[in-house]
2 protein chains.
Amino acid sequence: MMKNNIFMSLYKDYAERIDDGTLPPGSKLPSENELAATYGASRETVRKGLNLLAQNGYINKVKGKGSFVLATGRLKFPISGLISYKELSERLGKPSRTLVYTTERVPAGDTIAKELQIEPEEPVWKVIRAREIDGERIILDIDYLLAEVVPHLTEDIAADSIYHYLEQELQLKISYAEKVISVEQATEQDYRCMDLGEDKHVVVVRGYVHLEDTTLFQYTESRHRLDKFQFVDFARRISREN
Amino acid sequence: MMKNNIFMSLYKDYAERIDDGTLPPGSKLPSENELAATYGASRETVRKGLNLLAQNGYINKVKGKGSFVLATGRLKFPISGLISYKELSERLGKPSRTLVYTTERVPAGDTIAKELQIEPEEPVWKVIRAREIDGERIILDIDYLLAEVVPHLTEDIAADSIYHYLEQELQLKISYAEKVISVEQATEQDYRCMDLGEDKHVVVVRGYVHLEDTTLFQYTESRHRLDKFQFVDFARRISREN
DNA sequence: GAGTGGTCTAGACCACGAA
DNA sequence: TCGTGGTCTAGACCACTCG
């Protein structure tokens with residue numbers, strides 16, 4: 001059951017030590033040769049792990065000098081990338097609650113069918129949840145999942161973590177997602193299900209989630225209150241040499 | 001002068017063919033062994049190039065089947081990642097113009113000194129530019145660059161591309177950036193320098209850009225009109241084994 | 001079973017930084 | 001010069017898909 005990738009072990013070892021502050025920003029990691037020795041692995045394998053750390057903003061590699069821990073983690077508590085709300089809130093460690101408004105199996109309908117690229121009659125699971133932080137309903141998540149892929153769903157699962165259920169119970173392999181962030185007029189539903197102030201707008205994060213075989217199986221609208229919305233992105237520059 | 005990385009050539013070859021539609025979504029790429037043969041390279045080297053394509057949302061790799069072109073590119077015209085406005089507008093192909101309001105060398109001042117983690121007296125270049133698309137000033141970019149790193153700057157450079165100047169002329173190695181997206185009240189300056197409608201808010205993208213040696217040398221505020229703002233993100237799920 | 005991608009190895013040569 | 005990371009190789013074994 002355990003996965004024994006050496007490079008993934010190395011990645012997790014160091015990601016953890018950097019996250020919890022054992023390795024403070026500016027620290028120097030052991031050289032690739034040293035790591036190869038301590039992990040009993042080849043240098044190329046060590047490099048795979050280190051490159052993963054670099055991509056995710058944990059370290060910076062400098063030719064001739066070594067690998068160094070970045071300070072990014074300090075303000076990394078918000079998030080980019082493909083992560084579930086449960087995983088996120090666990091990292092934040094803030095008092096947080098999920099209110100489930102809807103968990104029902106319905107035909108997709110024209111609008112959603114277009115987003116999921118299916119027929120309007122096709123059955124989907126429709127889940128509506130509000131995320132309450134510090135006593136205010138800040139985020140409204142509206143999820144649509146292909147019923148063909150996810151045959152069963154309950155309010156209890158929706159209240160906990162749908163992703164956890166999909167990956168652990170159904171053994172689905174979630175591969176990648178496209179997200180589009182924009183700002184739109186608040187709807188009637190937004191006013192009803194969230195604690196909006198006077199703002200007429202909400203930030204909308206649309207997510208299109210795909211399985212390993214590229215099946216588009218989930219469409220999500222995550223609607224955020226303007227004043228509480230924040231999105232953090234870490235980006236490396238691709239070399240522009242000719 | 002030319003950089004001859006084999007894996008980078010492969011990446012650029014296929015990125016281009018996917019961008020321009022020569023390879024439509026769903027197409028199957030040659031197998032890794034075939035690519036190794038045609039590029040006269042080892043399989044590991046080919047895999048480096050393919051993994052880059054996968055990370056950037058061009059392809060999806062499936063064990064036992066092959067690598068396939070994703071449809072993501074179709075709605076990829078907006079952007080995530082670390083890319084200059086000039087590179088972006090060239091991809092979009094829309095009529096676009098840059099208005100330079102300010103190009104001056106000044107002491108950082110308290111606010112900017114804090115963002116750039118320097119002393120308030122330290123000199124910085126302050127550049128203010130509006131981006132006009134379809135005849136409307138949609139984006140207001142306010143850049144601060146360490147004068148110690150960038151000794152000279154002109155309005156002509158600001159009107160063209162600062163990044164191009166930094167990388168090509170000054171040979172600076174831009175490595176990574178953190179971006180934070182949020183929504184804030186529009187300022188007096190926003191109203192003066194942009195064509196805002198009735199909206200009281202703007203989307204603010206703060207960027208902290210670092211060199212290879214992790215020097216923080218640029219702080220940017222990119223202020224966008226609500227109704228024109230869009231941010232696209234491609235994310236792969238990190239395996240959650242264990 | 002043949003073909004595919006995923007992981008790993010034990011070497012090699014290079015470019016860069018520091019002493 | 002020596003240690004560092006960057007690139008590359010030629011092979012190996014595995015897990016998966018498909019006919």
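By convention in this document, chain letters (A, B, ...) are assigned in the order of the sequence lines, proteins followed by strands, and residues within each chain are numbered from 1. Predicted model only: the values in this text are computed from it and were never measured.
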Donor-acceptor side-chain pairing of [X] and [Y] below 3.5 angstrom:
X	Y	answer
A/T215	A/D213	yes
B/Y208	B/E115	yes
B/H210	B/E178	yes
B/S31	B/N33	no

Q) Tell me, which of residues 32-40 of chain B have any heavy atom that sits under 4.0 Å from an atom in DNA chain C? A) B/E32
Distance check needed: [N] [atom2] versus [X] [atom1], whole Å only.
X	N	atom1	atom2	answer
B/F7	D/dT9	CZ	P	12 Å
B/N60	C/dG5	CG	C1'	12 Å
A/K61	D/dG3	NZ	C1'	15 Å
B/K28	D/dC18	NZ	P	11 Å
A/Y11	C/dT7	OH	C1'	18 Å
A/L53	D/dG5	CG	P	13 Å
B/F68	D/dT17	CZ	C1'	10 Å

Q) Would one find a side-chain N or O of A/S31 under 4.0 angstrom from OP1 or OP2 of D/dG3? A) no
Q. Can you find a side chain N or O atom of A/T45 that sits less than 4.0 Å from OP1 or OP2 on C/dT7?
A. no
Q: Produce a footprint string for nucleotides 11-19 of chain C: one letter per nucleotide, 5' end first; B if the base is under 4.0 Å from any protein heavy atom, S if only the sugar-phosphate is, - if neither.
A: -B--BBSS-
Q. Of B/T38, B/L52, B/T45, B/L50, which is the lone residue that meets side-chain contact (heavy atoms from CB on, under 4.5 Å) with B/L10?
A. B/L50
Q.
So if I take the C1' atoms of five pairs at each end of the helix from C/dG1-D/dC18 to C/dA18-D/dT1 and get each local axis, what angle do the two axes make, rounded to 10 degrees?
A. 0°
Q.
For A/Y14 and A/Y58, I'd like to know if the aromatic rings sit close, meaning centre-to-centre distance below 6.0 Å.
A. no
Q. Are the aromatic ring centres of B/F231 and A/F231 under 6.0 angstrom apart?
A. yes
Q. Looking across every strand, which nucleic acid part, if any, lies under 4.0 Å from B/I6 by heavy atom: base, sugar-phosphate, or nothing?
A. sugar-phosphate
Q.
Under the criterion salt bridge (charged side-chain N to carboxylate O under 4.0 Å, His left out), I'd like the reasoning laid out for B/D143 against B/K126: C-alpha separation, chi angles, the key distance, then a yes or no.
A. CA-CA 6 Å; B/D143 295 80; B/K126 176 179 182 177; over 6 Å; no
Q. With the threshold set at 4.0 Å, does a side-chain nitrogen-carboxylate oxygen contact exist between B/E32 and B/K61?
A. yes
Q. Any donor and acceptor pair, going by atom type alone, linking the side chain of A/N60 with main-chain N or O of B/E212 inside 3.5 Å?
A. yes
Q. Has the side chain of B/S9 got a donor or acceptor atom that lies under 3.5 Å from a matching backbone atom of B/N5?
A. yes
Q: Compare the minimum distances between each of D/dG5, C/dG6, D/dT9 and the side chain of B/R47, then state the nucleotide with the smallest one.
A: C/dG6
